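Below: one structure, written as structure tokens.
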Number of protein chains: 2
Amino acid sequence: MPGLTAVDEDDVSSARRDGAHAAEGAGRHLGGAAVVPEATVARLPQYLRALTALAEAGSRTVSSEALAEAAGVGSAKLRKDLSHLGSYGTRGVGYDVAELQRHIADRLGQAGSWRVVIVGVGNLGHALAGYSGFASRGFTVVGLFDDDPAVVGQVVVGLRVRPLDELAEVVGGPGSAIAVLAVPAQHAQAVCDRLVAAGTRSVLNFAPTVLRVPDGVDVRKVDLASELQILAFHAQRRAAPAAAAPAPGAAAPARGATGASAGPLLPHALRRVEEVV
Amino acid sequence: MPGLTAVDEDDVSSARRDGAHAAEGAGRHLGGAAVVPEATVARLPQYLRALTALAEAGSRTVSSEALAEAAGVGSAKLRKDLSHLGSYGTRGVGYDVAELQRHIADRLGQAGSWRVVIVGVGNLGHALAGYSGFASRGFTVVGLFDDDPAVVGQVVVGLRVRPLDELAEVVGGPGSAIAVLAVPAQHAQAVCDRLVAAGTRSVLNFAPTVLRVPDGVDVRKVDLASELQILAFHAQRRAAPAAAAPAPGAAAPARGATGASAGPLLPHALRRVEEVV
DNA sequence: ACGACTTTGTGCGCGCGTTCACAAACGCCT
DNA sequence: AGGCGTTTGTGAACGCGCGCACAAAGTCGT
């Protein structure tokens, strides 16, 4: 496995990888498809992406070997994953690209475009609002929210930034939207509470904090700094095979003869500390 | 476990959850601390954050129970994790906050500030460059790179955006920097190859693509759209307990009587498709 | 100084996920 | 039509990580 990429690790996890999903009901097997392991669910998006690429390339069918190669996993793992969704392959031939693509997309709820609200519009939230990858995967940003008077009312990607009081108008109702949390860590829990109170059942949290939510609410965490720290751990491990705690690898000297960037690094004054996430 | 947050997922990945770390040498146990499980490594940043918060709150010592509560994990898991780093606790008392904080920080290489380069400065890359969470965790952005003539030369957070040709000047050398990949998916592999050629050993990839790297290079992936898709999977599962594939929950109608945002949703024209990541 | 209480560190069992290996199923060629 | 090669689907073994429960170890009170 060395030398290859993988899902979060997360692992994910890692991460995965360490999902906290409610593990709902037991394991009925009605219809044919039943409980899908969390680890498998985490890989479905990758399979779907690989299938989309194959479809655009003109492939009609794929073998598990080829699809696994494209998705960066082992073929056995892929077959077992797909077997949890049902038997959509033909022995001796492989999988029908379009059919499998449709089935996975259905499972991921990509059929009906999901509504997404972004809470916290500053730096990261702003970037996420303009992220084209969301729209191309069936997600529609229908609301931007923030309580900072400096950004409320501002139009970002065609949407007016609204105060958090108006959350219920968009989030509430039957088809509750998925919420993306991109607020400072200190306010993350409070804002999350308001989201849940407004009816949100799915939250993607970018704030480096542990969120407490009632049962039935699904939270996934994306921690940018942690990812870097995990990389740093392995990098340090590579650099220091023997000694206890020497120089990690980039102490103070040798910052490269760049020239232009030799000036002030990271002028913090531009943004208040911990402003966004 | 329902109703609680978790890593990554890690996930979890990761996630993972599902790290692709080279698993290097076997498991020597020199000095006292040996091989640290990947799942444990993924949690160290969370522990460190909790410890920092406790230190600022004035706590001198913490019990595993209290620290676990703050980090959102079980106390037994936390104790076992810490035991992999060595015995830094006192029975009957708990852990010395400052001491444990220092030890974990050392393990994560936070002692010497790590150099980070961001490749791909548009939308997301721009936001990451200004992300204050990096600096506060010991990471210093020392270079911004892009090959788009429209952004090269531009000054973003005090750093001039430079062409990819100058990568080796910053990345190369002994203390190789960590690279953050925020380029369009089509170019991710090519840019990654150039990074590796320049000496990069650690890459944080935001592009939704499988990266092939030689052994010894560590890659972690952050896939924003996938996270949303995983949430969508569970949300759909909640909404459709019986039927095969009905309406996921937000088909076409009822988009909420927002008013201001009823206009054009996500004006793609603002940015070319798949522009950033 | 000694006993009782508190908390760490860990040995053990369990369940999930991954991998191997193979039988069943399908197309194709003769 | 029938055999042959190919590929899926899955049973079983393996390994990792998690949680329980307890002994070791230290502190505090008397």
Side-chain angles (χ1 to χ4, degrees), chain A residues 1 4 6-21 23 26-27 29 32-33 35-43 60-69 72-96 99-100, chain B residues 1 4 6-21 23 26-27 32-43 60-69 72-96 99-100:
Chain A
M1 189 180 291
L4 275 189
V7 55
D8 66 56
E9 283 172 29
D10 192 194
D11 102 311
V12 32
S13 78
S14 183
R16 9 272 195 152
R17 154 105 359 216
D18 192 357
H21 299 290
H29 41 79
V35 48
V36 181
E38 187 57 31
T40 296
V41 174
R43 281 185 293 266
R60 292 295 302 164
T61 59
V62 243
S63 66
S64 64
E65 196 83 33
L67 183 54
E69 162 74 14
V73 301
S75 60
K77 192 190 293 190
L78 178 127
R79 286 198 301 274
K80 181 149 288 190
D81 281 344
L82 294 184
S83 75
H84 291 154
L85 305 182
S87 293
Y88 298 123
T90 308
R91 302 182 183 223
V93 178
Y95 299 91
D96 184 275
E99 182 187 1
L100 186 57
Chain B
M1 188 179 292
L4 274 190
V7 57
D8 109 99
E9 87 220 281
D10 126 75
D11 212 50
V12 174
S13 105
S14 231
R16 121 9 277 231
R17 349 279 207 145
D18 193 359
H21 298 290
V35 49
V36 181
E38 188 57 32
T40 296
V41 175
R43 282 186 293 268
R60 290 297 301 165
T61 59
V62 244
S63 66
S64 64
E65 195 83 31
L67 183 54
E69 162 75 13
V73 300
S75 60
K77 193 191 293 192
L78 178 127
R79 285 197 301 273
K80 183 155 291 188
D81 281 344
L82 294 184
S83 75
H84 292 153
L85 305 183
S87 294
Y88 297 123
T90 307
R91 305 186 184 216
V93 177
Y95 299 91
D96 184 275
E99 181 187 1
L100 186 56

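These figures come from a predicted structure and were not determined experimentally. Reminder, nothing fancy here: chain letters follow the sequence lines and each chain counts from 1.
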Check: protein-nucleotides 12-15 of chain D nitrogen or oxygen pairs below 3.5 Å:
residue	atom	partner	partner atom	Å
D:dA12	N6	A:K80	NZ	2.9

When you compare the protein's N or O atoms with those of nucleotides 21-24 of chain C, which come within less than 3.5 Å of each other, and at what distance?
residue	atom	partner	partner atom	Å
C:dA21	N6	A:R79	NH2	3.3
C:dA24	N3	A:R91	NH1	2.8

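Note: NE2 (B:H84) to P (D:dG17) measures 9 Å, nearest angstrom. The separation between B:D81 atom CG and C:dG9 atom P is 12 Å, rounded to whole Å. Put simply, CD on B:E65 is 13 Å from C1' on D:dG19, counting in whole angstrom units. As a whole-Å value, the separation of B:L85 CG from C:dT8 P is 15 Å. The nearest whole Å value for the distance from the CG atom in B:L82 to the C1' atom in C:dT7 is 13 Å. We find that CD of A:E38 is positioned 13 Å from P of C:dC16, with the value rounded to whole Å. Between the P atom of C:dT8 and the NZ atom of B:K77 lies a distance of 17 Å, rounded to the nearest Å. C:dT19 atom P lies 12 Å from atom CG of A:L78, rounded to whole Å.
Here A:Y95 reaches the OP1 or OP2 of D:dG9: one of its side-chain N or O atoms lies under 4.0 Å away. Between B:S64 and the phosphate of C:dT8, there is a side-chain N or O to OP1/OP2 separation shorter than 4.0 Å. In this model, the phosphate group of C:dT7 is not approached by any side-chain N or O of B:S63 to a distance below 4.0 Å at OP1 or OP2.
A:S63 meets the side chain to side chain donor-acceptor pair (under 3.5 Å) test with no other residue; sequence neighbours excluded. Not counting sequence neighbours, B:E65 has no partner by the salt bridge (Lys or Arg N to Asp or Glu O under 4.0 Å) test. With sequence neighbours excluded, the residues that form a side chain to side chain donor-acceptor pair (under 3.5 Å) with B:E69 are A:R212. Annotation: side chain to side chain donor-acceptor pair (under 3.5 Å) contacts of A:T61 (sequence neighbours excluded): none. Remark: B:S64 engages B:R79 in a side chain to side chain donor-acceptor pair (under 3.5 Å) (not counting sequence neighbours).
Taking the side chain as every heavy atom from C-beta outward, B:L67 and B:L100 approach each other to under 4.5 Å. Within the 4.5 Å cutoff, the side chain of B:L85 has heavy atoms near those of the B:V36 side chain.
Taken from OH in A:Y95 to OG in A:S87, the straight-line distance is 8.0 Å, to the nearest 0.5 Å.
Residue whose closest nucleotide on DNA chain C sits further toward the 5' end, between A:T40 and A:V93: A:T40. Comparing A:P37 and A:G92, the nucleotide of DNA chain C nearest to each residue sits closer to the 5' end for A:P37.
No contact: B:G74 has no heavy atom under 4.0 Å from any strand.
Looking at every heavy atom in both residues, A:P37 comes nearest to A:V35 through CD-O, 3.7 Å.
You'll find that the side chain of B:S83 is closest to C:dG9, out of C:dG9, C:dG17, D:dT27.
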